[in-house]
Amino acid sequence: MNFFSYLADVVNKELEQLSASGGLPEGLDLKNVSVEPPRDSSHGDVATNAAMVLAKQARMKPRDIADALAARLEDNADIETIEVAGPGFINMRLSPSFWHARLAEVLAGGAGYGTSDVGKGEKVNVEYVSANPTGPMHVGHARGAVVGDALARLLGKAGFDVTREYYINDAGSQIDVLAKSLHLRYREALGEDIGEIPEGLYPGDYLIPVGQKLAETMGDKWREAPESDWLEEFQVIAIDAMMEMIRTDLAALGIVFNVFSSERDLVKAGEVEKAIAQLDSLGLIYEGRLDPPKGKLPDDWEDREQTLFKSSEFGDDTDRPIKKFDGSWTYFASDISYHRNKFERGFKTQIDVWGADHGGYVKRMKAAVQAISGGEAALDVKLCNLVKLLRDGEQVKMSKRSGSFVTLREVVDEVGRDVVRFIMLTRRNDAPLDFDFNQVTEQSRDNPVFYVQYAHARTRSVLRNAAETIGSDVLGDISYPELAKTDCSGLTDPDELALIRLMASWPRTVETAAAAHEPHRIAFYLHEVASAFHSLWNKGKDDVSLRFIFEDDISLTRARLALIGGAASVIAGALDVMGVEALEELR
RNA sequence: GGUCCCGUAGCUCAGUUGGAUAGAGCGCAAGAUUCCUAAUCUUGAGGCCAGAGGUUCAAAUCCUCUCGGGAUCACCA
């Protein structure tokens, strides 16, 4: 249960009763009344702004409303103390028994705790990675991959029906380049000395094995043939090989898609024509001229008539071309048809995860989604900023031209998938991110992955240790469902209750992070839980009564183990939303 | 020049879609190991939330302008 929602219901009911009994006017609009954590935990566990929000409508002083409401809430058994503070906040501290009940929920819920139905099964499409199939994935792709995957998991946890989708950009001119590069490697495999890879072709050696295989299976059939004979076939072969490589790399990161959509297939099926025809029927397509960009004029600027989409009618800065000079569709045109295709498959909420360098593309794409859906669908674009790789304090230089970029695979092989995934979520998606090889493999609190994993390993260590030192025949069953039934009235220390309050905040964290489409919040939440747990652990060093295991007090030990088990369960559950496995021990 | 993102402690960043005295880590200063992993914890100093207006009970958050950093700017994807 989201205890904030629960208390919001309680507050709303009391407000209605106040209205009914004449303490407040009737017919008040309660929609802005909220029950939230206070900024400063010394103010209490939850706070409501009801008195301030209603003051104007009710034509009463906030303090008067607050006093009346507080007087009613005071009788509620879940509320231990209540006070009116500041301009009219009502601060509530909840009773220990309320928190004990939440702990039981955490344990009984296990991995499913925090799962919400706010999504109401609504279909959401998350499109991410969508790297061009022209080479291996590099670390920049890794960030988009992790953000998209974690967002998909988060939305699923919040009750949405999520589809993870990869859009294969396999129709543009870079595919011609890919096919030509492959032909060169094919000739090389047949024994030809190809020398330096010419400028404009892909120099990486990942096409070498593909060329070799071609030479084996096809012999020299295409060696001297004109380009027009082999281009199409080489394109298909190259795309398949690259996508296979990309899938493998993504799998190494633990990322799997439900749907791969091919731009090439869309174009071949005439989907672009359909989409453009629809826009045309709405009067949104016309022939016209664009103003050149202000400021510096591009060298090759040519003022000419083009086929344009009226994206400016939907908030874009200017209208956008949908055909190239040679009459073929622009990338934008096929992207319109792709998003239309997603809408026709029932996705009214679409999320795209892009690199920050595509920021200038957001407005037109949102405009297009609005236009093709008649305003029924909405697109949210998450832009992922750059990842800066650091090693020994030095930036690892990446140059695509020389082919010396660091691949996703290399990073995953070096530090592990869980580390990559976690670190990629330690910043907001639109903030630049430093990925420091030294830091992320370090076993210290500088390393957030370690800090959180260590907390989990410690919880598991205590549970193992309890069973060993006391013996399970005396201690009893300490599985989470059994611990859920434990009498926890012995848990009264403020830090213990604070830890439970954090655990109990997990459902709300899921809901708010999902609503905001911000998976990084899970990483910050985890850091908080880990910190609260480490803190409690160390408190037991000074205060023996706060230790977890007492051989002569099984009842208290079980209560403490319930606390520990709850922490373990919530940490593991939150890590799972990030796609990270919780570790049992760190040795 | 247009557009978008960013500007919060010395550094790296959070800030729960408008809430109270703005938080955390690193670094700095001082401390804590008879126990289950000190691989951790506790305390302290450190701020004109880039700046100026506006909106309202309430602004780091929303609006306008200025300054500074980044991305991008027809016919690439």
Side-chain angles (χ1 to χ4, degrees), chain A residues 4 32 34 36-40 42-43 47 49 51-53 55-56 61-62 85-89 91 130-132 134 169 171-174 263 289-296 298 300-304 306 308 316-321 323-326 328 330-332 334-335 355-363 383 385-386 426-428 430-432 434 442-448 450-451 454-455 457-458 461-466 468-469 505 508-509 512-513 515-516 518 520-521 523-525 527-528 531 534-542 544 547-549 564 585-587:
Chain A
F4 295 98
N32 287 328
S34 67
E36 289 179 337
R39 192 167 279 257
D40 187 339
S42 69
H43 291 139
N49 61 355
M52 278 116 68
V53 171
K56 203 171 192 176
K61 289 182 190 160
F89 283 101
N91 294 327
S130 297
N132 299 335
T134 57
N169 299 136
S173 56
Q174 86 280 358
E263 181 185 6
R289 290 171 191 280
L290 283 178
D291 293 332
K294 300 234 164 99
K296 212 176 82 183
D300 52 352
W301 176 265
E302 180 192 345
D303 184 26
R304 62 181 182 83
Q306 303 186 84
L308 302 168
D316 198 3
D317 310 304
T318 179
D319 295 336
R320 304 291 178 178
K323 275 188 181 176
K324 299 185 205 168
F325 63 93
D326 66 357
S328 63
T330 60
Y331 176 78
F332 181 46
S334 51
D335 221 357
D357 55 339
H358 289 59
Y361 201 75
V362 174
K363 279 188 180 177
L383 296 176
N385 217 313
L386 299 176
T426 53
R427 290 282 176 274
R428 247 179 31 222
D430 55 355
D434 286 351
E442 200 175 298
Q443 299 213 329
S444 79
R445 65 167 310 155
D446 295 2
N447 178 359
F450 173 78
Y451 186 73
Y454 183 39
R458 271 182 154 175
S461 161
V462 173
L463 292 167
R464 282 192 303 269
N465 206 278
E468 259 176 50
T469 54
S505 303
R508 182 176 191 269
T509 301
T512 53
E518 291 187 348
H520 74 274
R521 290 190 195 178
F524 286 91
Y525 171 76
H527 196 273
E528 275 187 83
S531 173
H534 284 310
S535 180
L536 198 58
W537 175 293
N538 277 76
K539 211 172 170 186
K541 289 180 184 303
D542 295 331
V544 182
R547 293 185 186 181
F548 306 131
I549 301 170
I564 299 300
E585 55 181 353
L586 296 179
R587 279 184 214 282

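All chains are named by letter (A, B, ...) in the order of the sequence lines, taking the proteins before the strands, and each is independently numbered beginning at 1.
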A/Phe89 over B/G19, stacked by centroid distance under 5.5 Å, angle under 30°
no
Say you pick atom C1' in B/U56 and the same atom in B/U61; how far apart are they, in whole Å?
14 Å
Can you tell me which nucleotide in B/G19, B/C75, B/C36 comes closest to the side chain of A/Phe548?
B/C36
What interatomic distance, in whole Å, is found between C1' of B/G18 and the corresponding atom of B/G54?
15 Å
Does one side chain, of A/Thr134 or A/Gln174, offer a donor that lies under 3.5 Å from an acceptor on the other?
no
Between B/C35, B/C75, B/A77, which one does the side chain of A/Arg547 approach most closely?
B/C35
So if I take every side-chain heavy atom of A/Ala85 and compare against B/C76, B/U40, B/A20, which nucleotide ends up nearest?
B/A20
Using a heavy-atom cut-off of under 4.0 Å over every strand shown, decide if A/Pro37 touches base, sugar-phosphate, or nothing.
base
Out of B/A20, B/A71, B/C6, which has the shortest distance to the side chain of A/Asp430?
B/C6
Check the distance between B/A74's P and A/Tyr361's OH and give it to me in whole angstrom.
13 Å
B/C11 C1' sits how many Å from A/Arg427 CZ, rounded?
11 Å
Is the phosphate of B/G15 approached by A/Arg428 (side-chain N or O, under 4.0 Å from OP1 or OP2)?
yes
In whole angstrom, give me the gap between the P atoms of B/A74 and B/C67.
25 Å
For A/Ala55, report the nucleic acid contact type (base, sugar-phosphate, nothing); a contact means any heavy atom under 4.0 Å.
nothing
Taking atom types as they are modelled, is there a donor-acceptor pair under 3.5 Å from the base of B/A71 to the side chain of A/Asn385?
no
Between B/G1, B/A20, B/A77, which nucleotide gets closest to the side-chain atoms of A/Pro293?
B/G1
Each base of RNA chain B marked ( ) or [ ] if paired in-strand (Watson-Crick or G-U under 3.5 Å), | if paired to another strand and . if unpaired gives (((((((..((((.....[...)))).(((((.......))))).....(((((..]....))))))))))))....
Do A/His358 and B/A77 share a donor-acceptor pair, side chain to base, under 3.5 Å?
yes
Does B/C75 have its OP1 or OP2 closer than 4.0 Å to a side-chain nitrogen or oxygen of A/Trp301?
no
B/A77, B/A20, B/U16: which one has an atom nearest the side-chain heavy atoms of A/Gln174?
B/A77
Counting only side-chain N and O atoms of A/Arg521, is one of them less than 4.0 Å from OP1 or OP2 of B/U16?
no
Side-chain (A/Asp316) to main-chain (A/Lys363) donor-acceptor, under 3.5 angstrom
no
Which residue lies more 5' along RNA chain B, comparing A/Trp537 with A/Arg304 via nearest heavy atoms:
A/Trp537
Which value, in whole Å, describes the distance between the P atoms of nucleotides B/U40 and B/G47?
28 Å
Residue A/Ser535, side-chain atoms from C-beta onward, closest of B/C13, B/U42, B/U17:
B/U42
Heavy-atom donor-acceptor pair, A/His534 side chain to A/Tyr451 backbone, under 3.5 Å:
yes
Rounded to whole Å, please give me the gap between CD in A/Glu442 and P in B/A38.
18 Å
Cation over ring face, A/Arg508 and A/Phe4, 6.0 Å, 45°
yes
Out of B/G15, B/A74, B/C4, which has the shortest distance to the side chain of A/Lys363?
B/C4
Write down the distance separating the C1' atoms in B/C6 and B/U12, rounded off to the nearest Å.
15 Å
Nucleotide B/G15, atom P - distance to CD of A/Glu518 in whole Å
6 Å
When the ring planes of A/Tyr361 and A/Phe332 are compared, do they come out parallel, tilted or perpendicular, using 30° and 60° as the limits?
perpendicular
Without swapping roles, check the side chain of A/Ser328 against the backbone of A/Lys324 for a donor-acceptor pair under 3.5 Å.
no
Let's see if you can work this out: which of B/A14, B/C4, B/C75 has an atom nearest to the side-chain heavy atoms of A/Ala431?
B/A14
Base B/U16 to side chain A/Arg508, donor-acceptor N/O within 3.5 Å cut-off
yes
State which of B/C36, B/A77, B/G15 makes the closest approach to the side chain of A/Asn169.
B/A77
Protein within reach of the bases, or only the backbone? For nucleotides 22-33 of chain B, mark each nucleotide 5' to 3' as B, S or -, using heavy atoms under 4.0 Å.
---SS-----S-
Can you tell me, in whole Å, how much space there is between the P of B/U3 and that of B/U64?
11 Å
What integer number of Å spans the P atoms of B/C36 and B/U17?
43 Å
With C1' as the reference atom in both, quote the distance from B/C49 to B/A9 in angstrom, rounded to an integer.
11 Å
